[in-house]
Structure formats: C-alpha cells, structure tokens
> 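Here it is, the structure, as structure tokens.
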There are 2 protein chains.
Amino acid sequence: MSDTVIAQKIATALDQAGQRTTRPRRLIADRLAELAARSTDFSIDDLWQDLRQQDHRLGRATLYRSIEVLLQQRLLDRITYADGSHRYHVCRDNTHYHLTCIQCRRFVEVHLELPIEQCATVCAQTDFSLEGLSLTLFGRCAQCRNELHVSMQPASFPASE
Amino acid sequence: MSDTVIAQKIATALDQAGQRTTRPRRLIADRLAELAARSTDFSIDDLWQDLRQQDHRLGRATLYRSIEVLLQQRLLDRITYADGSHRYHVCRDNTHYHLTCIQCRRFVEVHLELPIEQCATVCAQTDFSLEGLSLTLFGRCAQCRNELHVSMQPASFPASE
DNA sequence: TTTTCTGCAAACGGTTTGCATCGCT
DNA sequence: AGCGATGCAAACCGTTTGCAGAAAA
C-alpha cells in the first residue's frame, strides 16, 4: 500500500465520521501515511510536535479528536503500558498482536496462531461469550539488550497485565 | 487459602517493602483479604470509599502507596481498559490470564495453554527476547447478555489493544 | 529518639470540554 | 448562509509529590 493510498484511506475515514475536509485533517492524514509507510509508532505528543512544525496553530484538542475517530474506525492501533502511557501506529492488518520493547517502547505487529477455541471454551465455562482478545508480547530488542548501562527496571514492563 | 492467611501474606508483603505495621496498612491488608476470599475485583476508588468507612481519615495517597507496593510484589493484578481506567484484584495463582466483561467490567482469572514457543520464535525473528506477555480475553457475562437495554457500545472494549 | 509513615493539599500530565470564531460546502 | 470543525483556555480526573506532624521501632 503506497503512502498516497493510505493517506486517502485515512482522509476518507475522517470524512466519514465527521463531514468536512479541513486543513488540520489533511495534515494529520498525510503525516500518518508517512508514519505508516515507515511502520513508525508514536505518542500523541510526538505527533503533535511534528505537526506543529507545519502548522503551529494546530491544537492538541483537534488531534485528540481525530485520533479518537481513527481508533474507532480501527485504522489506528493503540497499546497501553503499565504506567498508563500510550503509543499508536497505523494498522497494517486486521488480525495481529503486538510485540513491544520494554525498554525503548518501539513496537511491531506480529502474527500468531492463538488457540482461539481454547479461549472460547474457557469463556464458555465461566459463562462468558468471547468478544475479543488482546495479546501483547513484552520483550527487549537487540539494540536495548546491548545498552547495558540502562536501567534494568523499565517503567513500561507490565506488573501482571 | 483462608482470609487470615491472605491477610497475613499481604501484611508481610507490605512489611517487607516498607518496614512498619501501621493502622492504615492493617486496614488495607484485611480488606484485601476479604476481597480475595470473595474473588471480588475493585477500583482504587472503590477500595478507598470502603476503607474510609472504617477510618475516615485514611488518605488516598496512602492507599496508592500501598497498592503500588503490592503490584510490585505481584500480589495484586491490574487490568487496564481502553479508556485508561484500571481495576485490581488479589492474585490467586502465578500463571494466568484475564477474562473481563466488556459491560460490567467484572473480571476473573483463567488458565490457558498459550503457544509460548511460537511467541518466542516470533520474537526471535524480530530480534527481540521474550520477557513477558499479557493476554486479556474480552467477553460478555451471562448477566450482561441478558440486560438488553444497556448500551451496545461499552466504553471498556479495547479498540485494538 | 530516630526513622518511617501519614494525611493533607497542591502539583501533575494526559485528555476532554465550553465557547467564540473560522472556514467548508 | 449555515453548520460543522477549530483553537484556545479552562476544567477534569486519576495519580504523585512535598511537607509538617504523627506514630512505630
């Protein structure tokens, strides 16, 4: 999928939810397309700092409002760390899980065959219907493993989530 | 495990991390033991409201400080919802995952055989070492399935976490 | 007596909201 | 022209922190 196609898709998603094609929304869509092309993940603040270079009047609220829509439409992925912070990236596929570095917080999508039936069975035993599931693998990337000087007690490691 | 034993364990955990056995800590340990016995999960605020009935001077900060310690010691579990809110409960076992109702947010521990090797392989391919993983099943409990009048768009459903 | 813990209140950081204005359509 | 979207600033909410006084050891 090319940059432009992604930008289009994002722009469309924003249009569908809201109605108007505005400068801020175009900016956001374009930037997200770039990030998608590079598989780069980001925090809201990262993105805001970025976008403000192109339009220093762009408000945080506007960005939050757009991200909200895109999450709803499942065009963005969000992962939550144990300290409550979030990072986002543009979805590439529909079925995937996340792998994140507990040190630098970079994250990537991974493909796994989970025993969905086993999950459904367990749910049924507890008299729940299975509606969805969330799996995140926490690891350490090669780069961070080599940086031996950094803290061994990263803030992003989930206590027991 | 009886109430008292759990209370003891919690009290000990608090002691180890901090040093002193104080009234607030005893209160917290006792209440958590009760909640554990009933497998009840709770939010920090729930717990604070509760505890204030017994000691109306107990401060929120104290509670946060104790919960922090217990999370560290892995005596408490926390799950995070898409809207960023948290719920806790006392751990029963070491290896388990969570199942939560996307409507009422009640949650329980479940046991699953995940393909850990597959996870490790996927990690290795991306040049990550696997350090941990988090799985949450989102479902709807029988009770909530029967309450047809409630919103069909619960705030707690994870966008794509 | 010493040291740690506590409650309070203020600070914090990320997010949301109210509102006057702007700018698509 | 009309209505939705925007930017701003203030509100919000869960959580953390600084501090003076209280209470374990």
Side-chain angles (χ1 to χ4, degrees), chain A residues 10-29 31 42-72 76 78-88 105 155-156 158-159 161, chain B residues 10-29 31 41-72 76 78-88 105 155-156 159 161:
Chain A
I10 294 170
T12 307
L14 286 171
D15 280 2
Q16 279 184 335
Q19 275 105 24
R20 293 176 185 179
T21 309
T22 61
R23 175 172 160 75
R25 285 177 180 176
R26 265 190 311 264
L27 268 179
I28 293 169
R31 193 82 242 276
F42 53 91
S43 68
I44 296 252
D45 208 64
D46 288 348
L47 187 52
W48 187 63
Q49 299 296 348
D50 258 25
L51 292 171
R52 278 223 307 175
Q53 310 230 335
Q54 281 160 276
D55 179 355
H56 64 94
R57 287 176 41 84
L58 185 125
R60 267 197 167 83
T62 303
L63 185 51
Y64 275 105
R65 290 187 271 237
S66 300
I67 295 292
E68 171 63 25
V69 170
L70 294 171
L71 281 172
Q72 221 86 283
L76 284 185
R78 169 167 70 185
I79 83 167
T80 302
Y81 294 89
D83 66 1
S85 62
H86 295 129
R87 290 188 74 78
Y88 303 80
R105 299 201 174 187
S156 57
E161 294 174 273
Chain B
I10 294 170
T12 307
L14 285 171
D15 280 1
Q16 279 183 334
Q19 276 106 23
R20 294 178 183 179
T21 308
T22 60
R23 174 171 161 73
R25 286 176 179 174
R26 266 190 310 264
L27 268 180
I28 292 169
R31 193 80 243 275
D41 59 84
F42 54 90
S43 67
I44 295 253
D45 207 65
D46 287 349
L47 186 52
W48 186 62
Q49 299 297 346
D50 258 25
L51 291 172
R52 279 224 306 175
Q53 310 230 335
Q54 280 159 278
D55 179 355
H56 64 95
R57 287 177 40 84
L58 184 125
R60 268 197 167 82
T62 303
L63 185 51
Y64 277 104
R65 290 187 271 237
S66 300
I67 294 290
E68 172 63 24
V69 171
L70 294 172
L71 281 172
Q72 222 86 282
L76 284 185
R78 169 167 69 187
I79 82 168
T80 303
Y81 294 89
D83 65 1
S85 62
H86 295 130
R87 290 187 73 78
Y88 304 79
R105 300 201 173 186
S156 57
E161 293 172 274

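Letters go in sequence order (proteins before strands), and every chain restarts at 1.
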> Listed by chain and number, what are the salt bridge (Lys or Arg N to Asp or Glu O under 4.0 Å) partners of B:R87, not counting sequence neighbours?
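Only B:D41, B:D46 meet the salt bridge (Lys or Arg N to Asp or Glu O under 4.0 Å) criterion with B:R87.
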
> Looking only at the side chain of A:D55 (C-beta and beyond, no hydrogens), which of the listed nucleotides D:dG7, C:dT6, D:dA5 gets closest?
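Within the option list, the nearest is D:dG7.
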
> Calculate the interatomic distance between A:D46 atom CG and C:dT15 atom P; express it in whole Å.
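Distance check: A:D46 CG to C:dT15 P gives 12 Å.
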
> Take the protein atom CD1 of B:I67 and the nucleotide atom C1' of C:dT6, then report the distance between them rounded to whole Å.
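Roughly 16 Å, once rounded to whole Å.
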
> Once salt bridge (Lys or Arg N to Asp or Glu O under 4.0 Å) is applied, do any residues pair with A:R60, and if so which ones, sequence neighbours excluded?
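Testing A:R60 for salt bridge (Lys or Arg N to Asp or Glu O under 4.0 Å), a comparison that skips the adjacent residues, returns A:D45.
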
> Could you check which of C:dG7, C:dC5, D:dT15 has an atom nearest any side-chain atom of B:R25?
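Nearest to the side chain of B:R25 among the choices is C:dC5.
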
> Quick check: closest heavy atoms across A:A13 and A:V69, and the distance to 0.1 Å?
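Heavy atoms only, the tightest pair is O-CG1, 4.1 Å.
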
> Specify the closest pair of heavy atoms between B:L63 and B:I28, including all atoms of both residues, with the distance to one decimal.
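Minimum heavy-atom separation between B:L63 and B:I28: CD1-CD1, 3.9 Å.
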
> List for me each residue that meets side chain to side chain donor-acceptor pair (under 3.5 Å) alongside A:E68, sequence neighbours excluded, and say none if there are none.
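For A:E68 the side chain to side chain donor-acceptor pair (under 3.5 Å) partners, ignoring immediate neighbours, are A:Q72.
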
> Can you name the side chain to side chain donor-acceptor pair (under 3.5 Å) partners of B:T21, sequence neighbours left out?
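Applying side chain to side chain donor-acceptor pair (under 3.5 Å) to B:T21 gives B:D15.
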
> Please enumerate all protein N or O atoms sitting under 3.5 Å from an N or O of nucleotides 16-19 of chain C, with distances to 0.1 Å.
none

> Checking A:R57 now: which residues fulfil side-chain contact (heavy atoms from CB on, under 4.5 Å) with it, not counting sequence neighbours?
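Residues passing side-chain contact (heavy atoms from CB on, under 4.5 Å) with A:R57: A:D55.
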
> Could you give the CG-to-P distance, from B:L27 to D:dA24, as a whole number of Å?
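So the two atoms are 12 Å apart, to the nearest Å.
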
> Using side-chain heavy atoms (C-beta onward) and a distance below 4.5 Å, is A:I67 in contact with A:L47?
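Side-chain contact under 4.5 Å: yes.
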
> Can you measure B:Y88 atom OH to D:dT15 atom C1' for me and round it to whole angstrom units?
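Between C1' of D:dT15 and OH of B:Y88: 9 Å.
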
> Closer than 4.0 Å, any side-chain N/O of B:H86 to the OP1 or OP2 of D:dT15?
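The answer is yes; a side-chain N or O of B:H86 sits under 4.0 Å from OP1 or OP2.
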
> For residues A:A11 and A:A29, report the shortest heavy-atom separation together with the two atoms involved.
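Smallest heavy-atom distance, with atoms named: N-CB, 4.0 Å.
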
> Could you tell me the separation between the CG atom of A:D45 and the P atom of C:dT15, rounded to a whole number of Å?
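These atoms are roughly 9 Å apart.
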
> What integer distance in Å separates B:L63:CG from C:dC5:P?
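My rounded result for the distance is 16 Å.
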
> Quick one: do the A:S43 and A:R105 side chains pair a donor with an acceptor below 3.5 Å?
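No - no donor-acceptor pair under 3.5 Å links their side chains.
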
> Distances under 3.5 Å between protein N/O atoms and the N/O atoms of nucleotides 21-25 of chain C, please, pair by pair.
residue: C:dG23; atom: N2; partner: A:R20; partner atom: NH1; Å: 2.3
residue: C:dC24; atom: O2; partner: A:R20; partner atom: NH1; Å: 3.4
residue: C:dT25; atom: OP1; partner: A:T21; partner atom: N; Å: 3.3

> Kindly say whether B:Y64 contributes a backbone atom to a donor-acceptor pair with the side chain of B:W48 at under 3.5 angstrom?
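Here the side-chain-to-backbone pair does not exist.
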
> Distance check needed: D:dC13 P versus B:I44 CD1, whole Å only.
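Value for this atom pair: 17 Å.
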
> How sharply is the helix from C:dT1-D:dA25 to C:dT25-D:dA1 bent, taking the axes over five pairs at either end and rounding to 10 degrees?
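About 20°, once rounded to a multiple of 10°.
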
> Without decimals, in angstroms, what is the distance between B:L71 CG and D:dT15 P?
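Nearest whole value for this atom pair: 11 Å.
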
